[in-house]
Amino acid sequence: MKRPVRLEPGQKLVLTANRLLDGRTVWWGADGTWDLHIGRASLLDAEDADAVLARVVAEAQRDGVVGVYDTAVQAAVPPEPVTVREKIRAHGPTVHPEFAVETDQ
Amino acid sequence: MKLFELGERTAQVHDVLVTVTELADRDDARAVLLESADDPALVKPYLNRLELVVLRFPIFRDGRGFTQARELREYLRFSGEIRAEGHILPDQAAFLRRCGVDSVVLPKNGNGDPALWEKQLRQFPVAYQRSVLPERSVGPGLRVEEAS
Amino acid sequence: MSLPVGHYQYDRIDRDFLQARIAEFEGQVQRRLDGTLSEDEFKPLRLMNGLYLQLHAYMLRVAIPYGILDSRQLRRLGEIARRYDRDYGHFTTRQNIQFNWIRLEDTPAILRELAEVDMHAIQTSGNCIRNVTADEYAGAAADELVDPRVHAEILRQWSTLHPEFTFLPRKFKIAISGSPNDRVAARFHDIGILARPGEDGAPVFRIFVGGGLGRTPIIGEELFDSVREEHLLATLEAIVRVYNAHGRRDNIYKARIKILVQAIGVEAYREAVEAELAQMNLERYRLTPEAVAAIRSRFAVPLLEAPADADAVLAEQRRADPIFDRWVRSNTHVHRDPGHIIATISLKPAGGIPGDATSAQIGRLADLADAYSFGEIRITHLQNVVLGHVRKDRLRDLWLGLAEVGLAEANIGLIGDIVACPGLDYCALANARSIPIAQKLGARFADTALQAEIGALRINISGCINACGHHHAGHIGLLGVDKRGEEFFQLTVGGRAENGAAIGTILGAALPEDETVDAIARLVDCYLGRREGGETFLDTLTRLGHEPFREAAYETV
Ligand code: HEM
Ligand code: SF4
């Protein structure tokens with residue numbers, strides 16, 4: 001079912017979703033927590049991602065998140081998503097810098 | 001199979017349930033199963049012996065069953081029982097009833113809780129359009145409530 | 001309490017109905033949280049109540065039936081923006097308002113606050129009959145034949161929780177107008193209705209079916225020329241019933257009624273509708289004159305009184321103040337009463353976000369509506385706001401009041417009056433951002449004298465093929481596309497939604513985002529350099545054809 005993931009050198013995968021209660025974009029950490037900051041996301045290798053994703057999807061209801069999927073990032077600190085869409089999810093709408101996730105607490 | 005009654009007609013269990021195409025060869029059949037793509041007009045030749053039409057919802061978002069029920073009631077004047085089965089939600093109880101469905105086969109998961117179906121039937125005091133049920137106006141305008 | 005001007009007045013029964021709908025929704029949220037409803041089951045249920053899940057949060061789309069609000073309702077929207085959102089709202093091309101930062105857990109409370117002022121989010125999304133739209137100048141325009149709002153309200157009521165039509169193959173949009181000058185894009189709707197007076201005093205309706213934009217833009221075809229008022233609901237039931245039974249459900253891109261109409265042809269569709277009507281008990285579906293009168297009686301009619309010199313006062317003020325005069329020229333429309341005028345307030349400040357308004361602006365608009373237009377406000381399908389009945393001698397005061405909150409932009413119908421969807425800044429389906437390019441274009445053409453010089457020119461921007469920004473219908477249309485993760489824009493020219501509806505022609509390969517604004521500037525220069533006499537952009541385009549414009553757009557410097 002799933003498309004094969006092809007990562008460029010220097011890229012990893014992260015898991016992301018939206019919180020059920022407030023809809024906010026969240027990123028998955030290996031300790032099982034979901035965080036608003038992509039900086040706390042766990043970086044996964046392509047070969048491990050499927051198994052982790054399946055496990056996390058199975059726990060989505062319990063964790064209170066919806067629509068779990070993986071997306072490619074540049075493995076920097078903090079990781080930076082590859083696509084415009086995921087950059088906007090990570091940082092907030094580009095037309096409202098005052099709502100940027102980093103400053104939003 | 002747990003049945004829930006939406007309306008006046010008492011739900012009857014039939015041992016023989018056939019498809020529309022089988023109907024012609026099965027003189028003993030009193031109950032027919034319509035898939036959502038089936039044209040209800042196909043049962044017209046058998047109306048006087050049919051006691052039950054079951055409408056199968058492949059998924060609750062497939063609303064063809066509502067039109068099928070209305071056509072059975074309004075165009076074919078079918079006066080037997082209409083039942084919905086398959087993937088249906090309690091949130092659809094009043095819609096089903098207002099389109100002429102008498103009973104449902106309760107889903108086997110949390111959506112099959114009869115209390116939810118009961119509650120949904122009583123959710124709205126009025127409606128803004130006529131249905132197949134006997135109704136009286138609660139004016140002004142289009143509003144109606146069920147005449148009991 | 002006196003009746004509201006412009007929209008239907010609820011009574012206790014209507015209010016009880018809204019409370020029941022909120023209780024139902026609250027129960028659905030509860031069942032989602034406890035896991036009884038899966039996300040796949042919950043999603044269509046929440047959409048039917050206007051709640052989307054977007055990139056950053058939930059989005060709530062609140063219904064503004066036929067685009068008309070009273071000041072008390074508008075004020076409440078401002079309060080909701082302040083309390084539950086981030087201090088702004090976005091007015092849409094379907095005359096609704098959207099809030100972008102909503103929490104699921106707050107939604108029942110928000111719905112209760114809306115219900116206190118007779119508002120709701122019912123059927124603002126989902127595969128059901130959506131909020132009915134109508135002419136933004138209804139009941140005010142000099143060119144109107146029939147005020148469409150009473151019938152728009154009838155359609156709103158009829159479609160609300162319709163037992164048969166709540167799980168259609170796809171969304172279903174109805175627009176109604178009573179003017180010969182189509183201001184609702186009737187032929188771009190699933191059903192478009194044009195009302196005109198009939199012989200017996202009751203209106204008759206011309207009905208178009210199967211129009212739409214999106215992936216497959218199609219201009220609606222005439223199904224019936226003259227449907228009598230008493231058969232309006234029966235006819236609509238029959239049209240939607242045929243669609244519900246036969247519309248495709250296997251592919252969401254082919255599920256709209258337009259695809260069915262194209263597949264079988266409008267004649268076959270008409271026959272199918274007539275076959276339904278022949279079997280229906282028409283008496284049961286009859287829209288009686290009494291029912292129409294009862295609903296009409298819930299609308300207040302504004303008492304239009306103006307001093308005899310109102311017109312002269314306005315003329316003098318325009319002579320004295322050229323900046324005011326420019327605003328009057330672009331932002332007003334002729335009222336049926338000679339002492340009044342229709343004012344359109346632009347939500348397109350140069351460099352701003354098209355259709356966005358802050359809570360403060362929303363509150364101020366409500367105050368101005370109270371002071372100048374019987375407390376009535378209309379939202380237009382071009383994301384602006386209309387005050388429908390302004391006394392001519394008081395127009396300048398209104399304009400000064402608008403200027404105080406940055407709402408006096410003189411650009412209605414001009415190049416700065418850009419229509420844009422939310423795009424990739426918010427929308428989960430987007431390919432590209434629509435707002436930043438709208439802001440850049442707005443800034444590029446900020447000069448109001450230049451805008452007036454360019455004249456009638458509409459730019460529409462959509463962030464993906466779903467066409468929420470109506471790019472196909474823009475004189476210049478921009479469609480965002482994704483090329484390997486980068487934003488590109490495809491340009492179309494020659495679309496129009498007005499009379500003589502047409503779908504724009506694609507000029508060529510999509511351009512990178514950073515070249516798009518320059519390309520549009522070259523298109524405009526091409527027109528300015530080659531127009532003759534008083535030609536508009538569309539006139540010049542029609543005379544010269546696309547080629548010079550294509551060359552201008554793709555000319556590399
Ligand atoms: C931000 C969330 C939005 C989402 C997810 C969304 C989704 C969609 C989708 C999927 C379609 C295509 C439907 C089809 O052709 O079957 C569509 C069309 C449309 N949307 Fe949106 N939309 C959004 C916002 C808006 C806004 C803000 C407006 C108004 C400015 C709008 C107005 C429309 C209109 C008028 C169409 C037109 C085409 C048609 O129905 O034929 N939408 N939308
Ligand atoms: S056109 Fe596309 S990007 Fe824009 S709002 Fe609609 S679905 Fe989203």
Side-chain angles (χ1 to χ4, degrees), chain B residues 36-41 57-71 74-77 87-101 107 109-113 116 119-120 122-133 135 137-143 145, chain C residues 8 11 13-14 16-17 19-21 23-24 27-28 31 34-38 40-41 44-45 48 127-128 153-154 156-169 233 237 240-247 249 276 279-281 284-287 290-298:
Chain B
S36 58
D38 289 339
D39 182 354
F57 283 68
I59 185 158
F60 75 102
R61 288 184 276 106
D62 184 340
R64 283 177 284 189
F66 298 100
T67 286
Q68 288 173 320
R70 267 190 107 138
E71 292 187 352
E74 289 182 44
Y75 300 171
L76 304 178
R77 320 254 158 202
H87 188 186
I88 44 179
L89 298 181
D91 311 78
Q92 298 173 308
F95 296 144
L96 289 166
R97 175 174 157 78
R98 299 193 70 224
C99 288
V101 176
N109 54 25
N111 291 321
D113 178 357
L116 289 174
K119 187 170 158 209
Q120 187 66 37
R122 291 192 311 267
Q123 189 76 258
F124 291 96
V126 294
Y128 286 96
Q129 61 296 103
R130 292 298 303 271
S131 76
V132 306
L133 302 173
E135 285 150 341
S137 164
V138 256
L142 310 184
R143 289 186 315 223
E145 67 183 4
Chain C
Y8 171 83
D11 62 15
I13 296 175
D14 298 307
D16 288 348
F17 184 90
Q19 292 301 333
R21 182 69 184 94
E24 178 184 45
Q28 290 166 342
R31 282 153 62 214
D34 71 25
T36 317
L37 281 175
S38 68
D40 287 345
E41 290 169 336
L45 299 177
M48 272 171 220
N127 294 337
C128 46
E153 172 64 22
I154 289 169
R156 180 191 76 81
Q157 296 194 10
W158 161 76
S159 60
T160 297
L161 301 197
H162 195 294
E164 188 180 349
F165 304 140
T166 298
F167 299 89
L168 296 172
L233 295 182
E237 291 257 353
V240 187
R241 188 168 290 169
V242 169
Y243 169 58
N244 192 38
H246 301 291
R249 291 175 187 267
E276 299 287 337
Q279 297 178 82
M280 285 162 69
N281 176 355
R284 203 179 179 80
Y285 293 92
R286 199 159 86 89
L287 178 58
E290 296 74 36
V292 177
I295 290 182
R296 178 169 289 123
S297 72
R298 299 294 198 85

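FYI, side chains are in, hydrogens and waters are out, and symmetry mates aren't considered; it's all heavy atoms of this structure. The shown structure was predicted, so the numbers you read here are calculated from the model rather than taken from an experiment.
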At a heavy-atom separation under 4.5 Å, does B:Leu142 approach chain C through its side chain, its backbone, both, or neither? both
In terms of heavy-atom pairs under 4.5 Å with chain C, which of B:Lys119, B:Arg98, B:Arg130 leads? B:Arg130
Under 4.5 Å to a heavy atom of chain B? For C:Tyr243 that would be neither
Chain B shares the most heavy-atom pairs under 4.5 Å, among C:Leu161, C:Thr166, C:Asp16, C:Ile295, with C:Leu161
Should B:Asp113 and C:Arg31 count as an ion pair when the cut-off is N to O under 4.0 Å? no
Using 30° and 60° as the class limits, which term best fits the ring planes of B:Tyr128 and C:Phe17: parallel, tilted or perpendicular? perpendicular
Please list, chain by chain and in numerical order, all residues satisfying salt bridge (Lys or Arg N to Asp or Glu O under 4.0 Å) with C:Glu24, sequence neighbours excluded. C:Arg21
Ranking B:Leu96, B:Asn109, B:Asp62 by heavy-atom pairs under 4.5 Å to chain C gives rank one to B:Asp62
When rounded to the nearest 0.5 angstrom, what is the spacing between CZ in B:Arg61 and CG in C:Asp40? 7.5 Å
Chain B contact via C:Arg298 - which portion, at a heavy-atom distance below 4.5 Å: side chain
Of the listed residues (C:Leu37, C:Val240, C:Asp14), which shares the most heavy-atom pairs with chain B below a 4.5 Å separation? C:Asp14
Proximity breakdown for C:Ile154 and chain B, heavy-atom pairs closer than 4.5 Å: both
Looking only at C:Gln19, C:Glu153, C:His246, C:Gln157, the option with the highest number of non-hydrogen pairs under 4.5 Å against chain B is C:Gln157
Mind checking the CD-CD1 spacing from C:Glu41 to B:Ile59? Nearest 0.5 Å is all I need. 8.0 Å
Any side-chain heavy-atom pair from C:Phe165 and C:Arg241 closer than 4.5 angstrom? yes
Engaged part of C:Asn244 at the chain B interface, taking heavy atoms whose separation is under 4.5 Å: both
Pick whichever of B:Leu116, B:Val138, B:Asp39, B:Asp91 has the most heavy-atom pairs under 4.5 Å with chain C. B:Asp91
With no hydrogens and no angle check, just 3.5 Å: does a side-chain donor-acceptor pair link C:Asp34 and C:Thr36? yes
To the closest 0.5 Å, what do you measure between CE (C:Met280) and CD (B:Glu74)? 7.0 Å
Where does C:Gln28 contact chain B at under 4.5 Å (heavy atoms): side chain, backbone, both or neither? side chain
For each of B:Ser131, B:Ser137, B:Ala69, B:Ala37, tally heavy-atom pairs with chain C at distances under 4.5 Å, and name the one with the top tally. B:Ser131
Identify which part of C:Glu237 has an atom lying under 4.5 Å from any heavy atom of chain B, answering side chain, backbone, both or neither. side chain
What part of C:Arg284 lies closer than 4.5 angstrom to a heavy atom of chain B: side chain, backbone, both or neither? both
Ring centre gap for B:Phe124 and B:Phe95 strictly below 6.0 Å: no
I'd like to know which of C:Asp11, C:Leu233, C:Asn127, C:Leu287 tops the heavy-atom pair count under 4.5 Å against chain B. C:Asp11
Pair B:Phe60 + B:His87: ring centers closer than 6.0 Å: yes
What part of B:Glu71 gets closer than 4.5 Å to chain C, counting heavy atoms only: side chain, backbone, both or neither? side chain
Which one, C:Ser159, C:Gly247, C:Pro44, leads in non-hydrogen pairs under 4.5 Å with chain B? C:Pro44
Nearest-0.5 Å distance, CG of residue C:Leu168 to NE2 of residue C:His162: 9.5 Å
